[in-house]
Amino acid sequence: MKEFELRAKTWLEGDFDQETKMKVLELRNSDPAGFEDAFYKNLEFGTGGLRGLMGPGTNRMNKYTVGMATQGLANYILKHCKDDSPSVVVSYDSRNNSKEFAKITADVLSANGINVYIFDNIRPTPEMSYAVRLKGAVAGVMITASHNPKEYNGYKVSWSDGGQVTAPVDAEIVDEVARISDPSQVKFSSGFNCGEIIAIGRDVDEKYLTDLLSLSLSPEACGRHNDLKIVYTPLHGCGVRLVPEILKRKGFRNIIHVPDQDVSDGDFPTVVSPNPEEPAALRMALEKADETGADIVIGTDPDADRMGIAVRDPEGKLVLFNGNQTASMLTYYILTRWKELGKLDGKQYVVKTIVTTELIADICKSFGVPVYNVLTGFKYIAEVVKAREADGEFICGGEESYGFNVGQFVRDKDAQVSVMMVAECAAWAADNGLTLYQLMQKIYKEFGYRKEGLVNVVRKGISGSMEIQAMMDGFRKNPPVEMCGSRVTAIIDYLEPEKTGQPKSNVLQFFDEAGDVVSVRPSGTEPKIKFYFGAAGDDADAKIEDLKRQFCK
């Protein structure tokens, strides 16, 4: 009997509920390949938590794998937390099973004597981050698979600073979770000495919104241009209430909804994928904008930590900005206003990820503001913020994958404050006779044109995982010698932390003489390998296409 069959046998014969056993049998009889994939390994609890397909099996998100992950987290907290009465914040998004998984998480933590603050309804990931520090909790758990398709769910762990766990805590939690090899080790039911489960909600909302609104830089401009027409869609997710609310409190009165997408629904019925990076996800919002003559379109993903925007070009056509453009524009706006307000005193800094446009670095240099480069993932941005709490001030930070944050209240990417800043930036630009599109062109004129591109090559299953690693091995053994006719002058391999000064990571970067850069890495959450392309110069658009052909054969 093969190993995956042995794992499945334990589920069929062990102390699992009858519904789960019936689903295992159905999967075995109707989908042999899916059956093998569901049991060929344990769903890996990585440094960011869990993420995977929902369903029965050791390699799936279900109440047993969620319970086991929570037991491991609880064991770690009880071993290492100095607080006699530790607490954890738990939140969840609109995905199918998210509420159930959040309840299981709260129950297991409570059964282990840990107090739990659980939100009374769906809330954004960044609000969970905020609540961790507000409540003095040792950790936070967010049930979400972010922008993944409806079949997925996930389990994201943050630590006491509100940022996602980083070294060495991340690896230590992973080790504790790995020790939970069977659901029988999980305390699913509360007994004596259980922790208290406390519902939180609007009290935290109010503090969260008040703090974010304190970051405003151009309130007068917002008042002068409060009639800006903004179409907003939460894509069936968590942004449905707080994003319109923060815009309303900023004074914007023309917020136009996409009613079908205001419905919080884990099936995401109006989109193939609820990902604001994908143009198709914003189709209905773009149509609503053309119907109403709106100036700006904004969409947020299901857990409302990322956003995508579209703006009008000089011909009146709606143009989608990518994450690099939005982050660059907001960085330029925020630094400009900080300078105009006399707030720059040499202590401030900006953070971006290594795969994010170098345009941000050029902008920061012009203002004399240091910029830190970190590995992909907002947890590394939060790590810098935590490390510099005593001697620096985080202004803002972003990543190409549509994540951005402003200020130190939240230690994760935050669509609520980002949406507020986009609207505020539009009002400030209007004061200067510019649209957001024209502001972006002004930035290109000042700092040079750059173009970025991203290609995701999907390889599913066991064979796909092996193929992705073979591709990475191939680039290491036979790296390119030139790109777009320009000589490759530097190669950075992030598996060599002694050379990079960064944590070890399976990422490669190639730089050429012309200022172009290509970054390659396997996704940490999806079965794909990602190619990030950045080109500089007036011919950057053409070079991006050449780079895609060269690397994605």
Residue pair K288, E291: steps toward the salt bridge (charged side-chain N to carboxylate O under 4.0 Å, His left out) verdict: CA-CA 5 Å; K288 179 66 74 172; E291 174 189 322; 3.8 Å; yes

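- Taking CD1 of I77 as the start and CG of N112 as the end, the distance is 9.0 Å to the nearest 0.5 Å.
- Looking at I354 and Y494, their side chains come closer than 4.5 Å, going by heavy atoms from C-beta outward.
- Heavy atoms only, all atoms of each residue included: F533 and C552 are closest at CZ-SG, 3.9 Å.
- The backbone N or O of F404 sits less than 3.5 Å from a side-chain atom of S418, completing a donor-acceptor pair.
- Inter-residue side-chain proximity for R459 and I529 is flagged as unmet; no heavy-atom pair is nearer than 4.5 Å.
- The distance from atom OG1 of T58 to atom NZ of K41, rounded to the nearest 0.5 Å, is 9.5 Å.
- No side-chain heavy atom of E400 sits less than 4.5 Å from a side-chain heavy atom of E452.
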Derivation of the side-chain hydrogen bond (donor to acceptor under 3.5 Å, both in side chains) call for S181 and Q185: CA-CA 8 Å; S181 58; Q185 298 171 264; 3.0 Å; yes

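- Across all non-hydrogen atoms, the minimal contact from R133 to Q408 is NH1-O, 2.6 Å.
- Note: Y117 OH to L134 CG = 9.0 Å, rounded to the nearest 0.5 Å.
- With values rounded to the nearest 0.5 angstrom, N96 atom CG is found 12.5 Å from M61 atom CE.
- The main-chain N or O of D412 is never found under 3.5 Å from a side-chain atom of Q164 such that the two would form a donor-acceptor pair.
- F268 places a side-chain heavy atom less than 4.5 Å from the side chain of R95.
- Remark: side-chain polar atoms of Q325 are paired, donor with acceptor, to backbone N or O of N322 under 3.5 angstrom.
- Taking the side chain as every heavy atom from C-beta outward, N506 and L495 approach each other to under 4.5 Å.
- Exactly one residue among L43, T65, D37 makes a side-chain contact (heavy atoms from CB on, under 4.5 Å) with R60. That residue is D37.
- Between Y64 and F188, the two ring planes are perpendicular [angle over 60°; tilted spans 30° to 60°].
- Exactly one residue among L320, L282, L454 makes a side-chain contact (heavy atoms from CB on, under 4.5 Å) with E277. That residue is L454.
- Counting heavy atoms from C-beta outward, V138 and W159 have side chains that approach closer than 4.5 Å.
- Note that CZ of R249 is 5.0 Å distant from CG of L209, once rounded to the nearest 0.5 Å.
- Looking at S94, its side chain does come within 3.5 Å of a backbone N or O of H236 through a donor-acceptor pair.
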Working for salt bridge (charged side-chain N to carboxylate O under 4.0 Å, His left out), residues D301 and K413: CA-CA 12 Å; D301 66 346; K413 46 192 176 289; over 6 Å; no

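- Two residues are said to be in side-chain contact when any heavy atoms from C-beta on lie closer than 4.5 Å; V351 and Y380 fail this criterion.
- E127 contributes no side-chain N or O that, together with a main-chain N or O of P124, makes up a donor-acceptor pair within less than 3.5 Å.
- Contact record, G57 with N62: O-ND2, 2.9 Å, taken as the closest heavy-atom pair.
- Distance alone, capped at 3.5 Å, is enough to place a donor-acceptor pair between the R306 side chain and the S401 backbone.
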Test side-chain hydrogen bond (donor to acceptor under 3.5 Å, both in side chains) applied to N115 and S85, step by step: CA-CA 7 Å; N115 298 321; S85 183; 2.7 Å; yes

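- A salt bridge links E3 with R7: at least one charged nitrogen is closer than 4.0 Å to a carboxylate oxygen.
- Here the straight-line distance linking atom CG of L318 with atom CD of E287 works out to 11.0 Å at 0.5 Å rounding.
- At least one donor-acceptor pair closer than 3.5 Å links the side chain of D203 to the backbone N or O of G201.
- Considering D303, D93, D205 in turn, D205 is the only one that fulfils the side chain to side chain donor-acceptor pair (under 3.5 Å) rule with R123.
- A donor-acceptor contact shorter than 3.5 Å links the side chain of S214 to the backbone of D211.
- Within the 4.5 Å cutoff, no side-chain heavy atoms of I298 are placed close to those of V243.
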Audit row: E176, R179, salt bridge (charged side-chain N to carboxylate O under 4.0 Å, His left out) steps and yes/no: CA-CA 5 Å; E176 285 292 345; R179 292 188 179 100; 3.2 Å; yes

Chi angles and distances behind the side-chain hydrogen bond (donor to acceptor under 3.5 Å, both in side chains) call for N405, R411: CA-CA 8 Å; N405 191 23; R411 299 296 172 86; over 6 Å; no

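- The backbone N or O of V204 sits nowhere less than 3.5 Å from a side-chain atom of Y130 that would complete a donor-acceptor pair.
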